[in-house]
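Have a look at the structure below before the remarks.
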There are 2 protein chains.
Amino acid sequence: MQPVEEMLKNIRGFIKAKGYFLTGPRYDVAKALAETPTHLDADEIHQLLGKVRIDASTVYRVLNLFCKLRICRKIVVDNGPAQYELSERFMVHHHHLICKHCGKVINFDEFDLLESELSKLEKLFRRKYKFVVADHKLEFEGVCMTCGPVSRNKPSL
Amino acid sequence: MQPVEEMLKNIRGFIKAKGYFLTGPRYDVAKALAETPTHLDADEIHQLLGKVRIDASTVYRVLNLFCKLRICRKIVVDNGPAQYELSERFMVHHHHLICKHCGKVINFDEFDLLESELSKLEKLFRRKYKFVVADHKLEFEGVCMTCGPVSRNKPSL
DNA sequence: ATTGATGCAAAAGATTTGCATTAGG
DNA sequence: CCTAATGCAAATCTTTTGCATCAAT
């Protein structure tokens, strides 16, 4: 992952190349995302930007634009607002461990064999289902360290 | 997958074993899920049960109970209501291809190598992150046959 | 009788939208 | 100027909740 300044420069270039402006609010949201190693929801971003004057609806509009341009990626979670993170263009490719008690999202990037299996599958889908894969998402749901100690038994919930 | 009648019998036994009743609404929702090879959202279930008198909030309450008991499984999707499907106790284990144009969800169960890789990962998470995996979810997002013809190029969106 | 399940209506939470205003080129 | 972006307020959509009623043992 690149330093924040460089990421912002890249994002600026990316937005302009697509014919959009990097306005104040867009810069602020991009900065919040670039400075956060994990994920933020719309409201957290709005809070972070407390001092600057920005409306919640603008945050959503910016995030939607960013998703459309693939600057960021939306993670929909059960019971709660969607989370956003910079896309793989700016972050390393990874997937998520989601704690079903506290909702915490842990990134992981241990793959090796897995990713090659995934791309084999993607070719299969194209043949068998005529389905063209643009992105894949792998999530593990469970109980994190804080919410439940590791034991030999599966969690009861 | 078993015939619907048998699935319902199993579900009845499962619910009673957990100390709950299989009431009318619960039976109707279970039947709707058992008769659907793919997924339904709460409103679709409500529609399906049009003749029988059941309130939308009851549908949600039943679905939440079913998820808690692991009779069914909730699939949260972007832009739209959550989808529900019977759990792997009653359906074969599978994952999803999600079309980002029309929202269609296609089941797939081609695994082989993949599943063993996934369980290796789950062991790793327990060691490295002290995270105990209860379930995993693998989704491929892309464009389905109806929404875009298969081509050699990646979809522009 | 007592506990749990349901219907109804209202509330809550997240996100989107219409419209007037402002800003950027 | 002209188009795009923003703030504000209201609307929308999904899901949850409080409460009175009903059902089941």
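Residue numbering restarts at 1 for every chain, and letters A, B, ... go by the order of the sequence lines. These numbers come from the heavy atoms of this one structure, side chains and all, not from hydrogens, waters or symmetry mates.
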Does A/Ala82 reach a base, just sugar-phosphate, or nothing at all? Heavy atoms under 4.0 Å. sugar-phosphate

Distance below 4.0 Å between A/Ser57 side-chain N/O and C/dT16 OP1 or OP2: no

Rounded to whole Å, please give me the gap between NZ in B/Lys74 and C1' in D/dT15. 8 Å

Looking for any heavy atom pair under 4.0 Å, which part of the strands does A/Tyr60 touch: base, sugar-phosphate only, or nothing? base

Minimum-distance nucleotide to A/Val62 side chain [options: C/dT16, D/dT6, D/dT16]: D/dT6

Short side-chain N/O contact to D/dT16 OP1/OP2 from B/Asn64, under 4.0 Å: yes

How close or far is atom C1' of C/dA12 from atom CG of A/Asp43, stated in whole angstroms? 14 Å

Can you tell me the distance, in whole Å, between the CG atom of B/Asp55 and the P atom of D/dT15? 14 Å

Whole angstroms only, please: what is the CD1-P distance between B/Ile54 and D/dC22? 18 Å

Note: for B/Arg26 and A/Pro81 on DNA chain C, the residue whose nearest nucleotide lies more 5' is B/Arg26

Of A/Tyr20 and B/Ala56, the one whose closest DNA chain D nucleotide lies more 5': A/Tyr20

Within the structure, does a side-chain N or O atom of B/Arg53 lie under 4.0 Å from either OP1 or OP2 of C/dC8? yes

Which nucleotide in the list C/dT6, D/dA4, C/dA5 gets nearest to the side chain of B/Phe21? C/dA5

Separation of C/dG24 P from A/Lys16 NZ (nearest whole Å): 12 Å

Examine B/His95 together with A/His136 and report whether their ring centres are nearer than 6.0 Å. no

Atom-to-atom span, CD of B/Gln83 to P of D/dT14 - whole angstrom: 11 Å

When we call it a touch if two heavy atoms are under 4.0 Å apart, what does B/Asp41 touch: a base, just sugar-phosphate, or nothing? nothing

Ignoring hydrogens and angles, answer whether the base of D/dG7 and the side-chain atoms of A/Arg61 contain a donor-acceptor pair closer than 3.5 Å. yes

Just by distance, with hydrogens left out, do A/Gln83 and A/His96 show a side-chain donor and acceptor under 3.5 Å apart? no

Rounded distance (Å) that lies between atom P of C/dT15 and atom CG of B/Asp78: 9 Å

Any chance you could lay out the salt bridge (Lys or Arg N to Asp or Glu O under 4.0 Å) test for A/Glu122 and A/Arg126, step after step, and finish with the verdict? CA-CA 6 Å; A/Glu122 293 176 6; A/Arg126 184 180 282 228; over 6 Å; no

A/Phe108 ring center within less than 6.0 Å of B/Phe131 ring center: no

May I ask you to evaluate whether A/Thr23 reaches the phosphate of C/dG24, defined as a side-chain N or O under 4.0 Å from OP1 or OP2? no

Using a distance-only test with no angle check, is there a side-chain donor-acceptor pair under 3.5 angstrom linking A/Asn107 and A/His39? yes

B/Leu65 has an atom CG; how far is it from atom C1' of C/dA5, in whole Å? 10 Å

